[in-house]
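Everything below concerns the one structure shown next.
Whatever order the structure lists ligands and atoms in, that order sets their numbers, starting from 1. Values below: every heavy atom of this structure, side chains too, minus hydrogens, waters and symmetry copies. Counting from 1, the numbers follow the sequence of the chain as shown.
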Amino acid sequence: MTTIAKIALGKNGPMVSKLGLGCMRMSSVWGNPANDETESIATIQMALDNGINFLNTGDFYGSGHNELLVGKAIKNRRNDAFISVKFGGIVYNGQFIGLDLRPIAIKNFINYSLVRLGIDTIDLYQPCRLDNSVPLEDVIGTVADLIKEGKVRYLGVSEITAEQLRKAHSIHPVTALEIGYSLADRQIESNLLPTAEELGIGVVAFANTAEGLLTGEMKAPLPANSYHNHFSRFQGENLVKNLEKVEVLKKMAKEKGYSPTQLAIAWVNAQGEHIMPLVSMSRRSRLPENMSAMEIVFTPEEMNTLNTHFSPGAILGGTYLHR
Ligand SMILES: NC(=O)c1ccc[n+]([C@@H]2O[C@H](COP(=O)([O-])OP(=O)(O)OC[C@H]3O[C@@H](n4cnc5c(N)ncnc54)[C@H](OP(=O)(O)O)[C@@H]3O)[C@@H](O)[C@H]2O)c1
């Protein structure tokens, strides 16, 4: 299988795989059933065997189920894995109902996470979102204290603005920014990405397939029970027009001998040395396909075609990534 390169996460940061494994969809998070646990654990272990050491979870993914799963997968091989955990999200019965970023809450969350994961230190710890309920100094300051205590190695942030990123970094060095980024969601290119680059912060880019839009497998209209129906991107005429755009990706994929998903991952991968595609995979069969996406090289003409057809704003409607 393809060898996955290692990159420094941020300036002088830890060495991690250029491709990350997102574990969220292994658990029941947004009302979906959990994936087969044995297969999920085997997927994590196969990823580790193949040099993918960056594992992404969150304490609210399946109310702790996801961390327990990751904990089982890395038992006896802690050193093979780099564990990234998000905290602060309050999810109840499959609905995101708010944030709790109070220092006492964070101190509570971390100990539960460490027990569930079965480890002494979390490699990258990050608030999943920010709001104005707690001063940023307190949120970041609490993680900085956990770093001093040895419970955390590096600070990360997720889904924040360029201004918040700059401020967080001034309180304590930020190692990585976790952010939704794909051919369909390029708004961060104007401000946030240049800020991360300027500050030497690594970018962990998730939702490369834009909730499946870029897999080329979606057909309009979607089944009535699909969670996608909540998002304007997947409704009525928007979906029809967006799927027309995806035809360009499908055509190029066919010509190059790859799948549209592979091209979607490859495009994110090509955006910079400091940008890591973070891809959900819940079964071992996904790994060879997505790993070989990391080998894809675009000609300047191909890159130009993709960038033109998927210029920022070309995909109509939004998802939960409100910016
Ligand atoms: N910070 C945040 O706010 C935030 C938000 C969302 C997610 N995340 C993290 O980022 C990770 C990735 O995000 P995501 O799940 O939204 O996006 P994604 O990686 O684009 O995954 C979406 C779906 O694509 C499927 N897929 C993977 N490889 C495929 C292939 N080769 N062909 C067809 N379909 C394929 C996966 O299916 P299977 O699961 O069936 O393999 C998954 O259900 C998550 O696991 C999570 O760790 C972070």
**Request:** Say whether Thr209, considering both its backbone and side-chain N or O atoms, lies within less than 3.5 Å of an N or O atom on ligand 1.
**Result:** yes

**Request:** Do me a favour and list the nearest non-hydrogen protein atom to atom 8 (N) of ligand 1 with residue, atom name and distance?
**Result:** Tyr61 OH, 3.6 Å

**Closest protein heavy atom to atom 39 (O) of ligand 1, given as residue, atom name and distance to 0.1 Å** = Ser282 OG, 2.9 Å

**Message:** At under 4.0 Å between heavy atoms, is it the side chain or the backbone of Thr261 that contacts ligand 1, or both, or neither?
**Reply:** side chain

**Request:** Kindly check if the number of other-residue, nucleotide or ligand heavy atoms within 6.0 Å of CG (Asp120) is above 12?
**Result:** no

**Item:** Ion pair Arg284/Asp49, N-O distance below 4.0 Å
**Value:** no

**Fill in**
Quick note on ligand 1: atoms under 4.0 Å from a heavy atom of Val279 include exactly 19 (O)

**Request:** Take Glu211 and Tyr227 through the side chain to side chain donor-acceptor pair (under 3.5 Å) test and state the conclusion after the steps.
**Result:** CA-CA 10 Å; Glu211 299 294 317; Tyr227 78 94; 2.4 Å; yes

**Asked** Which ligand 1 atoms does Met281 reach within 4.0 Å, using its non-hydrogen atoms?
**Response** 41 (O)

**Prompt:** How are the rings of Trp30 and Phe96 set relative to one another: parallel (under 30°), tilted (30 to 60°) or perpendicular (over 60°)?
**Reply:** tilted

**Asked** Should Lys250 and Glu247 count as an ion pair when the cut-off is N to O under 4.0 Å?
**Response** yes

**Aromatic ring pairing Phe231/Phe234, orientation class (parallel under 30°, perpendicular over 60°, tilted between)** = tilted

**Item:** Gap between atom OG1 of Thr142 and atom CG of Leu155 - 0.5 Å precision
**Value:** 11.0 Å

**Message:** Out of all atoms in ligand 1, which are within 4.0 Å of some heavy atom of Glu178? Include the element for each.
**Reply:** 1 (N), 2 (C), 4 (C), 48 (C)

**Asked** At a 4.0 Å threshold, what atoms of ligand 1 neighbour a non-hydrogen atom of Tyr320?
**Response** 5 (C), 6 (C)

**Fill in**
Honestly, for Met24 the part within reach of ligand 1 (heavy atoms, under 4.0 Å) is both

**Asked** Quick one: nearest non-hydrogen protein atom to atom 25 (C) of ligand 1, plus distance?
**Response** Arg286 NH2, 4.1 Å

**Message:** Heavy-atom distances under 4.0 Å decide this one: backbone, side chain, both or neither, for Met26 against ligand 1?
**Reply:** neither

**Fill in**
Of Phe96, Phe206, Trp30, the residue with the heavy atom nearest atom 5 (C) of ligand 1 is Phe206

**Prompt:** Looking only at protein heavy atoms, which one is nearest to atom 47 (O) of ligand 1, and how far off is it?
**Reply:** Asn56 OD1, 2.6 Å

**Asked** Any N or O on Lys86 sitting closer than 3.5 Å to an N or O of ligand 1?
**Response** no

**Request:** Compare all side-chain heavy atoms of Val246 with those of Leu214 and state whether any distance is below 4.5 angstrom.
**Result:** yes

**Request:** Could you pull out, from Asn290, Asn35, Leu177, the option with a heavy atom nearest to atom 31 (N) of ligand 1?
**Result:** Asn290

**Request:** May I ask you to identify the nearest protein heavy atom to atom 13 (O) of ligand 1, giving residue, atom name and distance to one decimal place in Å?
**Result:** Ala207 N, 3.6 Å

**Message:** Below a 4.0 angstrom heavy-atom separation, can you tell me which part of Arg129, side chain or backbone, both or neither, approaches ligand 1?
**Reply:** side chain

**Complete:** among protein heavy atoms, the one nearest atom 44 (C) of ligand 1 is Ser280 OG, 3.3 Å

**Message:** Under a 4.0 angstrom heavy-atom cut-off, which atoms of ligand 1 come close to Leu278?
**Reply:** 9 (C), 10 (O), 11 (C), 12 (C), 19 (O)

**Identity and distance of the protein heavy atom lying nearest atom 43 (O) of ligand 1** = Arg25 CD, 3.1 Å

**Complete:** Taking only non-hydrogen atoms of Asn208 and a 4.0 Å limit, the atoms of ligand 1 in range are 20 (O)

**Asked** Does Ala184 offer a backbone N or O that forms a donor-acceptor pair with the side chain of Ser182 under 3.5 Å?
**Response** yes

**Message:** Whether the side chain of Lys245 engages the backbone of Ile315 through a donor-acceptor N/O pair (distance < 3.5 Å, no angle test) should be reported.
**Reply:** no

**Prompt:** Should Leu124 and Phe54 be marked as a side chain to side chain contact (heavy atoms under 4.5 Å, CB included) after you check the CA-CA gap, both sets of side-chain angles, and the distance that decides it?
**Reply:** CA-CA 10 Å; Leu124 185 70; Phe54 189 96; 4.2 Å; yes

**Prompt:** Using a distance-only test with no angle check, is there a side-chain donor-acceptor pair under 3.5 angstrom linking Trp267 and Asn208?
**Reply:** no

**Asked** Is a side-chain N or O of Asn242 found less than 3.5 angstrom from the main chain of Arg233, in a donor-acceptor match?
**Response** yes

**Asked** Do ligand 1 and Thr215 have nitrogen or oxygen atoms that lie under 3.5 Å from each other?
**Response** no

**Message:** With a heavy-atom distance limit of 4.0 Å, tell me whether Cys23 approaches ligand 1 through its side chain, its backbone, both, or neither.
**Reply:** backbone

**Message:** Determine whether Ile44 and Met26 satisfy the following criterion, side chain to side chain contact (heavy atoms under 4.5 Å, CB included), listing intermediate values before the conclusion.
**Reply:** CA-CA 10 Å; Ile44 296 173; Met26 295 174 182; 3.7 Å; yes

**Request:** Could you list the atoms of ligand 1 found under 4.0 angstrom from a heavy atom of Arg283?
**Result:** 40 (O)

